Every structure is written in structure tokens, then in C-alpha cells.
Amino acid sequence: MTESAMAHSEIASISALITRCTGIKLTADHQAMIARASNTLMVETGSSLNALLQRLQVDAALLDRLLSLVTIPESYFFRDPSHFTYISQTVIPAIGQLRGPDHVLRVLSAGCAGGEEAYTLAMLFEESGIAPSGVRLLACDISRRALSRARKGSYSAWSVRGERAMALPESFLRRSGKHYEVAERFRKQVNFFYLNLAGKGYPSAEYAVEALDLILCRNVLIYLDAATIRHVAQRLYDSLAPGGYLIPGPSDPLLSGLAPFEAQLTPGGLVYHKPVKRLVTSTGQVSVPETAPAPAFVAPASGVKRERSSRRASSANALSNIPKAQIENDGVAADIRGSVSSEELDLQALLYAQALLCMQQGDDEQALAQLKKLLYLDSSLAVVHFTCGLLYSRLAKIGDAQRSYRNAIQHAGALPDKQLLPLSDGEPAGLLVQAAQQQLNALHSRLGDSA
Ligand SMILES: C[S@@+](CC[C@H](N)C(=O)[O-])C[C@H]1O[C@@H](n2cnc3c(N)ncnc32)[C@H](O)[C@@H]1O
């Protein structure tokens, strides 16, 4: 074996070790990064690559150091602000109602990176009038380097890049030269600790990672492999108290079916809720069981109702004319935020409504991400292919738009003309075929014009 081939195989072994320990998916694209990190450790420890590989298997501190070099602790204050609006307007009142005014909230930022998310929570609780003694704030990560940065609470402008963060008062985040310092009272409030979410160290009394009211685990699962996501979903579920909430990032993988959560659609994406089942015992007392089995998706307390107004935007007819204006005017957001319930809700409707909300907010890339999840679940959804076509067309990705319209035609065309399509507003398959064909013709002329 040549020197470089040997190095290649050792780098591959180091990558496999990282995935085995953390669940982080690593592809060929990450090899250069792993090689750089290994090189740093070889210099630090004076070991050869082969010796480093051997030591990594037995030296937990060295493995930690490697993980600190290969994880990307990227975060910023008030990232995805709608999540924090949801926490203050929905989670805090719901938990207060469930557990009473003396309850101490138990909150975890899982995969907290440099701590911006945990401090955002501390600031939010203060803004919401909750005294530090009324909340126990935990934050964990696998990167000890990120945790030590988090404990310092000192940040560059890059961590304060959002509008909401930039509007924070000096009493929360004080500017000091090029840095922003988190107020001491917030630094004292958060307990940062090491926890590998892929491991078995939780739920646990050690750091009070149990009976939690709220877990934020945002933009972490997206980096993990499928087996680890399943493991983490169940362990986070087990770490929640009944009635507790789990908020993932908007691009994180779906957790429905991986643990018995109820999913709720919010303006910031799906939020998972551990159901509370109140049982009246034979003595007439009300008890809350530790775990309560529930269907993966049920009507959200503040969710999407599957009714004509919210689905009008999905109509092939409406979309083929002026999709954006139609969507903006048809009250999708109002439906999503409105306090409604419906037994007809299902995962497809939730995801589709979420995609429409993203379109309405002008976030076409995110809308496409939601639609792709839907197609992953059911690739025959002609309405979804059609909507992808509109989005790609808007993003000037003409080849992708053509492919999507052809898929829409193929799937709708396989059905009887008069058959109503899932997710449509009552339009039949034949109409969607015509609409998609019109869009294809329009694209064809557009290409002709620009030739
Ligand atoms: C992109 S950051 C997300 C930070 C923050 N949650 C946010 O959304 O802004 C992802 C973090 O997850 C951490 N992480 C990755 N795998 C982990 C694991 N198995 N256990 C705990 N943390 C992990 C990384 O170290 C990194 O700090």
C-alpha cells in the first residue's frame, strides 16, 4: 500500500470512528477537513497518523479534542425568531397552565454550540417576566471547545447578525470593542455541560436532563445519520415531561413516527409535543401518566385546518395563474396561526401547508425543502410536483421546473380525468395535466425568447 493510500484508509477509519461515536454523517467531502484535524492532533501529540488512530480508540480526551475540531458550532442570537415568539406565546402559557404558577420551567438547548441559543432563551424568559429562579436552563454540546466559548459569553458581531438580536438592549448584550458580552446574570443562569446526544447518557438526573418542559434541538439532527436520529428522537421524547415541547430547526429531518410525539405546525416549522393524557382514577383523582401513546400527528392546538381557504393556494387552477399573489391573499398564514382543530389533519397536509407558508414568506428554498420531504413520503403527489415546478420556475431553474411539470403530468395523467387529486382544492387530475402542460409551453416560449 502506498503512503498516500495508507493515509487515505486511516483517514477513512478516523471518519468511521467519529460517525460511530457521534452519529455525525461524514461523506467524501469531509475527508479534507478530517485530514486537517488529524494533522493538528498529530502535531499536538507528536504521533504518526497510525498511532493517532490507535490512541483515538482509547483516549476519550483526545477524541473529544478531535470532535471539537470537526464539529461546526455555528449559531446566532434569536436564530429563527418565530421559534421564540412561539415559546413566549404558546409554550410558556401552556406549561404554566398545566403545572401551576410555582413550577420551575426546565429547559434544554441540545447541541447549543457557542451558547447563543441558551442565552437567547435566558433573555426571552426575562422579557416574559420569568425570574431566574423560575427557570432552570441547561445547555449541552459534544464540542468542549464550543462549551468553553459558551461559558465565556463573549461573541463577535457574526453571532448578533439577526434583526431581533441587533435590537437587544445593552443591558442584555453589551458592546465592548469588537465584541458583545452577555450580561453576567444570564451567564450565571445557564448550566453548560458535555453531552453526546448519540450516547446513552440521558434522560439522566445527573444534569437534570429529565422531566423537561422544553427542548430546543435545532440544526443538529440534520448532521446525523438515520439510526442516530431515531435514537435521539426517542431519548429526547423520554427526557420530556408529559406536556413538554421539542423544537427542531426548520430544515431538520422529520421525527414523526420515531417517537410518539404530536406534531404541531407553527410559523417556524414543525414543533413536537409530548402528549398529556389526564386519567381520572377510581378515587376521582386526576393523574398524568409518565408517557402517553399518541398518534404521530394529531390536530394542533394552534395549527392548520384542512379547509378550503387554506388549500385554495394548492389548486392547480389558481396556481397556474398568479401563484404568489394568490397565496399571499388567501389567508394561509391566518389559518396556520388560527386557533382551530380538525380531525382531517394529516402529515401531508401539514407539510404542504408549511411549504405554502414558506412560499408566502418568500422563502422559496425552504418551501422546496418541505415539498421534497413530501415527495420523499409519496412521490406520486402530482399537486406537489406542480408546485415544485412553480417554485423552480420562479427561481429560474428551468430544467428542474420542466422536470417537475412532467412529473405532475405523469402522475396526474395516470389517473382518470375526473379523479380529485390529494392536496388539491377539489380540482380533478385532468385539469392539473392541462395546467402543467400550459406551464411547460410557457417555459418553452421563455427559452425560445432568450435563445
Ligand atoms: C449548527 S450547530 C447548532 C447550534 C444551535 N442549536 C443553533 O441552531 O443555532 C450544531 C451543534 O450540534 C453539535 N452536535 C453535533 N453532534 C452532536 C452530538 N452527537 N451530541 C451533541 N451535540 C452535537 C455540534 O457540536 C454543534 O455545536
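Predicted model only: the values in this text are computed from it and were never measured. Just follow the structure's listing: the first ligand is 1, and inside any ligand the first atom is 1.
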Can you check whether Y245 and Y272 have ring centres sitting under 6.0 Å from each other?
no
Can you sort out the partners of Y180 under ring-ring contact (aromatic ring centres under 6.0 Å, His included), two or more places apart, ordered by chain and number?
none
Do other residues, nucleotides or ligands put more than 12 heavy atoms under 6.0 Å from Q57 CD?
yes
Counting N and O atoms only, with roles assigned by atom type, does the side chain of D238 sit under 3.5 Å from a partner on the main chain of P203, one being a donor and the other an acceptor?
no
Salt bridge or not between E184 and K152? Use side-chain N to carboxylate O under 4.0 Å.
no
Can you find a pair of side-chain heavy atoms, one from M123 and one from F84, that are under 4.5 Å apart?
no
Pairs under 3.5 angstrom, nitrogen or oxygen on both sides, ligand 1 versus protein: list them out, please.
residue	atom	partner	partner atom	Å
ligand 1	6 (N)	G111	O	2.8
ligand 1	6 (N)	E117	OE1	3.1
ligand 1	6 (N)	R218	O	2.9
ligand 1	8 (O)	R79	NH1	3.3
ligand 1	8 (O)	R218	O	3.1
ligand 1	8 (O)	N219	ND2	2.7
ligand 1	9 (O)	S75	OG	2.6
ligand 1	9 (O)	R79	NH1	2.7
ligand 1	19 (N)	T22	O	3.2
ligand 1	19 (N)	N196	OD1	3.0
ligand 1	20 (N)	L197	N	2.9
ligand 1	22 (N)	I142	N	3.4
ligand 1	25 (O)	D141	OD1	2.6
ligand 1	27 (O)	D141	OD1	3.4
ligand 1	27 (O)	D141	OD2	2.7

